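Report on one structure; see the data block that follows.
Chain A is the first sequence line, chain B the second, and so forth, proteins listed ahead of strands; every chain is numbered from 1. Please read all numbers here as calculations on a predicted model, not as lab measurements.
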Amino acid sequence: MNRSLIVATFSLAGLLLLPATAAQASTVTCESTNNEYRSCPVDTSGGVRLSQQLSTKGCWENDTWGFDRNKIWVDRGCRAQFQVGAHGTSAAGKGDALAAAAVIGIAAAAIIASNQHDDHHNKNYNNSYNNSYDNRYDGRYDGRYDDNYRNYDNNRYGYNGYGGDPRRTFSCESRNDRRNYCSIPGRGHVEIYKQRSSKPCRHGHSWGVEGNSVWVEDGCRAEFAVF
Amino acid sequence: MVTWKQLVGAAVLLGTATANAAGPEPAGQPVDTAKAMLDRMDRNLDGKISIEEYRNAMIRRFGARDLNDDGVLEGDEFPKEWLAGADVQEATGKVTWEQFAIQLVVVFDQFDSDKDGQLDAAELAAFADARKTKEESRS
């Protein structure tokens, strides 16, 4: 009798403690503006999880975002909210998120699976690109060029390319770990599209942008995209 | 606060939009669709799609549709005919960046059966199947 009372008491205590622990998680927003490196001081001993991406520019761990013991850093236009502390909590109400998962899931599947149609749009790509590129570029350049430029084909409701297809891709390879430069075709935000080397391509370490060129070294081989 | 109806509306809207924008649905096998997903999204070429690869691709898609860059898809960003047949009468007819972005992990986890943070070939096939089922239920 006494034992079961004790067990019950501890169970109750456990239930009360759980929400308190979860509540220690906090959200930190860290944003790379003007493509510049930013660090956001925070104690990361409880773990870090990217909970909501705020930029169309890529957020890739250990490439354009990361963390060490006392800070989160972002680079190359990555802007995001990070969950610091208890893992597994969500910015959304959990009930809503789970209830909506099935529906949104199918929609998301539809969106990404529609890639098979992209060839059709890509055939039209060069024409629309050439017709609109120069004017739009000159008229809209404001330092947020690549964020705006994605709208280069308004007539098609933006669905050409299905949202974020690169306008150009190009390869750049570091052979024998040596530095190599490759000119960027066109203007825009450059990201790794496919990494072909087993050695890591990490921005600022084994690849980067200098003027109108991408450089790679330390064995980074990749296909890059201009967005 | 995001309501259930808003999310349903947004989801239907996005799903319908994509399907209709591309025209009639080719009779593709799920495995082909999974392959197309890999072709587009598999950044490190390991034959799987990680949550990062999924998130970045999806966010770009949202961004490309958001022509006025206000973080909300609405109005001319969705041709009216995309609404035809979609059960959105009670929805707001728009979807915000936040509504979209916070669901990405939830969606991914739903198809990540073994919870390893990657969608492998079988999980991608299930993903593609779910999409195909959705397409067929609409036609």
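- In this structure, no portion of A:Glu223 lies under 4.5 Å from any heavy atom of chain B.
- Formation of a donor-acceptor pair under 3.5 Å by the B:Arg43 side chain with backbone atoms of A:Gln195 is not found in this model.
- Salt bridge A:Lys194/B:Asp39: absent, no basic N to carboxylate O contact under 4.0 Å.
- With a 4.5 Å cut-off on non-hydrogen atoms, A:Ser55 touches chain B through its backbone but not through its side chain.
- Heavy-atom pairs under 4.5 Å with chain A were tallied for B:Val105, B:Asp42, B:Asn44; the largest tally goes to B:Asp42.
- Using modelled atom types, no side-chain atom of A:Trp60 and backbone atom of B:Asn56 make a donor-acceptor pair closer than 3.5 Å.
- Remark: A:Gln53 CD to B:Ile102 CD1 distance equals 14.5 Å, nearest 0.5 Å.
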ask   = Going through the distances and angles, do B:Arg60 and A:Glu191 end up as a salt bridge (charged side-chain N to carboxylate O under 4.0 Å, His left out)?
value = CA-CA 12 Å; B:Arg60 276 203 189 280; A:Glu191 285 184 27; 2.4 Å; yes
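- A distance of 9.0 Å separates CD of B:Glu98 from CG of A:Leu54, quoted to the nearest 0.5 Å.
- A side-chain donor from one of A:Trp65 and B:Glu52 sits under 3.5 Å from a side-chain acceptor of the other.
- The candidate from A:Ser197, A:Cys59, A:Gly58, A:Ala222 with the greatest count of non-hydrogen atom pairs under 4.5 Å with chain B is A:Cys59.
- When all heavy atoms are compared, the tightest approach of A:Thr56 to B:Ile59 is CA-CG2, 3.8 Å.
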